[in-house]
Amino acid sequence: MLNKRFKAIALVDFDYFYAQCEELRHPEYKDRPIAVCMLTAKDSGAVASANYVARKYGVKSGMPVSKAKSLASDLVVLPVDMAYYQQVSNKIMKWLQENFKAIEQASIDEAYIDLGEIDKDEAERLGIKIKQLVKESGGIKCTVGIGPNKLIAKMACDSAKPDGLKIITPNEVDSFLEASKLEDVPYIGHKTVEKLNSIGIKTIKDAKALSVDELRKLFGEKRGIMIYNFLRGIDERKLEVTKKRKELEKFVSLKNKKPEEAISEAARKLYERLSGMSFREIGVIVILEDFSSKTKSKTFKYPVSSFEELLSASLELLKSIMSESIDIKIRRVGVKASRFEKKEGNLLDYIG
Ligand code: DGT
Ligand code: CA
């Protein structure tokens, strides 16, 4: 059968995100039910994220902690640690940004990726690759949905959770939608579903029988048109592309350290932040006691991604700055990487 090309959008959504981050740093809880909760006082508050073991007992986001505990007696209740989840998310999002031309970070655990014009086989390969990238950069399992627009990408993703990959080509949109429930359509909340149910409309197929004017009357001008379009898989929303980072830098104060020790620490911190990204230029910034600064940089002939090369170039640049002035009093030092490169050529080349 002809494998037609289409403009594809992917949605990547990290599975049970806060709870999975906790599993990462607490392997001892891995097979236990975990609920990460917004705690207001001891044991009172609501569940923000639950792992799939807890979900088997019926534990869900938004549920009071006391109810969750009554459902799963050995529930591990952990408080939300946003700074940590943000760190895990940043690492993965940066990586995705460096590997794809256009991404829109939609939330802490969701990003849309423009995959360009591809066929179903390429979509499959890219979907697998996205899952690998997320796993390698953040240690996190995720689900990827791919479709001709944001709406279908999101619905495909929701239907494939957890640890899934689902591709819906333009030809498959109608049958996919007809097999979905009204409440599976984003922005059709339970109030809209109730209203539709009250006039005898139970399925997407039923709802498609309503004209755009009827939907406008029921839900207002804008919402009516949106619902009309979404029921047909039509979504013109563009990606709001998150800007690519041009450079990354890390600073370390000397305090009692030698400049070489501080630069090594800055290089290590920078390397962690880079999470495998390669770069063509490296700079060292030295901030003196009087807050003036000196910088030197080096350009590589080839993209570099190893810690050893980053460290030796940083030390070399530091030495060169220090040799140019006698008796300099250093307050802080920094290492900066720039001119990032995709790992290998363009996006599809990446798929080996
Ligand atoms: P998933 O994607 O179904 O495997 O599970 P999650 O936990 O990743 O849920 P998702 O994608 O709806 O939301 C992403 C994160 O946002 C989630 O890990 C915690 C936070 N979140 C979601 N729902 C709630 C909520 O009702 N209350 C609070 N405080 N946080 C929430
Ligand atoms: Ca999620």
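Residue numbers start at 1 and run along the sequence shown. For clarity, every value in this text was computed on a predicted model and none was experimentally measured. Remember, it's 1-based here, ligands and their atoms both numbered in the order they're listed.
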Protein contact of atom 18 (O) of ligand 1 - nearest heavy atom, named by residue and atom, plus distance:
Y18 N, 3.0 Å

Among protein heavy atoms, which sits nearest to atom 30 (N) of ligand 1, and what does the distance come to when rounded to 0.1 Å?
A48 CB, 3.4 Å

N, O or S atom of D109 closer to the Ca ion (ligand 2) than 3.0 Å
yes

Sub-4.0 Å atoms of ligand 1 with respect to non-hydrogen atoms of F17
6 (P), 7 (O), 8 (O), 18 (O)

Please determine if R268 and E272 form a salt bridge, counting it only when a charged side-chain N lies under 4.0 Å from a carboxylate O.
yes

Considering the heavy atoms of M38, write down every atom of ligand 1 situated less than 4.0 Å from one of them.
29 (N)

Ligand 1 versus Y85, non-hydrogen atoms closer than 4.0 Å: side chain, backbone, both, neither?
neither

Taking D81 as the fixed residue, which of Q86, R25, Q87 is the one that meets the side-chain hydrogen bond (donor to acceptor under 3.5 Å, both in side chains) rule?
R25

For the residue pair L218 and K195, establish whether any side-chain heavy-atom pair is separated by less than 4.5 Å.
yes

Taking 4.0 angstrom as the limit, do R216 and D213 come out as a salt bridge?
yes

Under-4.0 Å heavy-atom contact with ligand 1, by part of K161 that carries it:
side chain

Six-ring centre of Y57, R55 cation under 6.0 angstrom, axis tolerance 45°:
no

CZ (R223) and OG1 (T192) are apart, to the nearest 0.5 Å, by 4.0 Å

To the nearest 0.5 Å, what is the distance between OG on S293 and CZ on R332?
11.0 Å

Can you sort out which atoms of ligand 1 are near S61, meaning under 4.0 Å from one of its heavy atoms?
23 (N), 26 (O)

Which is closest to atom 17 (C) of ligand 1 in terms of heavy atoms, A19, S49, S107, G45?
S49

Test item: D206 side-chain N/O and K202 main-chain N/O as donor-acceptor pair under 3.5 Å:
yes

Pair Y18 and Y85, ring centroids less than 6.0 Å apart:
yes

What's the OD1-the Ca ion (ligand 2)-O angle here (D13, F14), rounded to 10 degrees?
80°

Salt-bridge present (E316, K298; N to O < 4.0 Å)
yes

Proximity to ligand 1 by part of R55, non-hydrogen separation under 4.0 Å:
side chain

Check whether any N or O atom of A50, backbone or side chain, sits under 3.5 Å from an N or O atom of ligand 1, and answer yes or no.
no

Under a 4.0 angstrom heavy-atom cut-off, which atoms of ligand 1 come close to G62?
26 (O)

Residue F14 vicinity, atoms of ligand 1 by number, heavy atom under 4.0 Å:
2 (O), 8 (O)

Could you tell me whether atom 3 (O) of ligand 1 has at least one protein heavy atom nearer than 4.0 Å?
yes

Note: V36, heavy atoms under 4.0 Å from ligand 1, region reported as neither

Are E117 and K7 ion-paired here, with the side-chain N under 4.0 Å from a carboxylate O?
no

Return the residue, atom name and 0.1 Å-rounded distance of the protein heavy atom closest to atom 13 (O) of ligand 1.
D109 OD2, 4.0 Å

